[in-house]
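Read through the structure below, which is laid out as structure tokens, and then see the notes.
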Amino acid sequence: MPELPEVEVTRRGLLAPLSGRTVVRVSWSAHRLRGPIPRKLLQEHIAAQQIRTIDRRAKYLLLRMVNGAVLVIHLGMTGKLGLIQGQTTLHKHDHLVLHLDNGLDVRFNDSRRFGSIVVWPPDHAAQLEADFSRKEGLEPFGPAFIADNLLALARGRRVAVKSLLMNSRLIAGIGNIYANEILFAARIAPQQPAHLLTEKEWGRIIQESRRILQLAIDAGGSSISDFLGVSGHPGYFQLQLAVYGRKDAPCPRCGQAILKTIQGGRATYHCPGCQPHVE
DNA sequence: CAATATACCTGGATGC
DNA sequence: TGCATCCAGGTATATT
């Protein structure tokens with residue numbers, strides 16, 4: 001579910017309510033997520049500790065504790081973080097609860113359990129973060145997200161430009177919904193081999209990436225099936241989607257029918273009129 | 001190395 | 001109503 005905008009909306013929703021709060025207790029479900037829940041590390045380094053701030057890298061949230069530990073949370077496909085009164089009954093698929101010193105809970109709910117929870121202990125946090133960050137791609141809002149760098153990344157890669165955009169080791173935060181939308185806005189066919197794109201075309205991808213991701217953040221994210229912000233409110237960017245999920249509907253720009261294809265195993269939407277495939 | 005397939009899960013939509 | 005089937009926003013790992 002959550003791509004960069006949804007993760008960022010979650011971060012912004014949690015930042016003020018959590019900054020300076022103390023996690024008095026941590027509890028968890030019996031299930032594993034993508035990996036096992038690190039019970040011991042949660043107990044040792046997160047319980048009874050104060051939260052300093054929350055950052056985002058790629059689609060990961062980094063809850064930084066005053067003691068130097070970092071709680072790393074990935075929402076997977078169906079993960080949500082909610083802020084709720086502590087006495088509320090646990091819901092199905094609640095897998096982690098941070099009990100705060102003001103009686104509120106932060107609850108991580110994830111039905112498909114594709115999310116992940118990792119703790120970096122204070123002693124090793126800097127090294128672990130450096131190792132982690134090196135494996136993640138360019139941040140779309142970062143200073144290195146420039147045409148020269150994308151041109152270099154694409155050099156020699158015959159893979160479709162959409163697959164390159166979604167490759168998290170190369171570019172961070174862009175998943176299937178926003179890859180489709182960005183390429184539509186940039187008027188580039190998703191199946192275009194990446195190495196054929198010009199510097200000018202990469203420039204359009206950069207500009208449209210930033211514009212669309214920012215619009216989506218401002219709209220509270222996209223609630224396609226079940227994304228909710230921390231207060232339980234949905235996002236509204238799905239109402240502005242031009243191509244994603246709109247097979248056979250008229251293109252908002254030229255009126256031609258939107259095509260749905262499968263590319264790299266993922267549903268791909270584009271307008272054959274506005275995004276011509278050039279060989 | 002690059003590209004594709006598969007596995008991890010539940011639940012909602014769809015079709016019979 | 002029930003049941004089978006397909007599909008879903010991500011990513012790590014295996015396979016070609």
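By convention in this document, chain letters (A, B, ...) are assigned in the order of the sequence lines, proteins followed by strands, and residues within each chain are numbered from 1. Quick note: numbers below take in every heavy atom, side chains included, and nothing from hydrogens, waters or symmetry partners. Bear in mind that the values here come from a model prediction, so they are computed numbers and not experimental data.
Distance from the side chain of A/His93 is smallest for B/dG11 among the nucleotides B/dG11, C/dA8, B/dC9. Closest contact between the side chain of A/Phe114 and the listed nucleotides B/dC8, C/dA8, C/dA12 involves B/dC8. The nucleotide whose nearest atom lies closest to any side-chain atom of A/Ser111 is, among B/dT10, C/dA8, B/dA3, B/dT10. Side chain of A/Arg158, nearest nucleotide from B/dC9, C/dA8, B/dA3: B/dA3. Residue A/Tyr60 places its side chain closer to C/dA12 than to any other of B/dA3, C/dA8, C/dA12. Distances from the side chain of A/Ser168 to the nucleotides B/dA3, B/dG11, C/dT11 place C/dT11 closest.
Base pairing analysis places B/dT6 opposite C/dA12; the two distances defining the Watson-Crick or G-U wobble pair are each below 3.5 Å.
Summarising the geometry, the separation between NZ on A/Lys162 and C1' on B/dT4 is reported as 14 Å, rounded to the nearest angstrom. For the pair A/Arg113 CZ and C/dA12 P, the interatomic distance rounds to 19 Å; values are reported in whole Å. Taking atom CE of A/Met166 as the reference point, atom C1' of C/dT11 lies 10 Å away to the nearest angstrom. Following rounding to the nearest Å, A/Ile262 (CD1) and C/dC6 (C1') show an atom-to-atom distance of 11 Å. The CG atom of A/Asn180 sits 13 Å away from the C1' atom of C/dA8 (whole-angstrom rounding). When the C1' atom of C/dA8 is taken as reference, atom OH of A/Tyr244 falls 7 Å away, rounded to whole Å. As rounded to whole Å, 15 Å separates atom P of B/dT10 from atom CG of A/Asp94. Protein atom CG of A/Asn167 is 10 Å distant from nucleotide atom P of B/dA3, rounded to whole Å.
As rounded to the nearest Å, C/dC3 and B/dC9 have P atoms that lie 24 Å from one another.
A side-chain donor from one of A/Ser222 and A/Tyr178 sits under 3.5 Å from a side-chain acceptor of the other.
A/Lys135 comes within 4.0 angstrom of no nucleic acid atom, judged by non-hydrogen atoms across all strands.
For a distance-only test at 3.5 Å, the side chain of A/Arg112 qualifies as a donor-acceptor partner of the base of C/dA8.
At least one side-chain heavy atom of A/Leu138 sits under 4.5 Å from a side-chain heavy atom of A/Leu153.
Using a 4.0 Å cut-off between charged nitrogen and carboxylate oxygen, A/Arg56 and A/Glu139 count as a salt-bridge pair.
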Requested in this report: Take A/Glu6 and A/Leu75 through the side chain to side chain contact (heavy atoms under 4.5 Å, CB included) test and state the conclusion after the steps.
Outcome: CA-CA 10 Å; A/Glu6 291 74 32; A/Leu75 302 177; 5.8 Å; no

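Under the 30°/60° scheme for interplanar angles, the aromatic rings of A/His95 and A/His31 are found to stand perpendicular.
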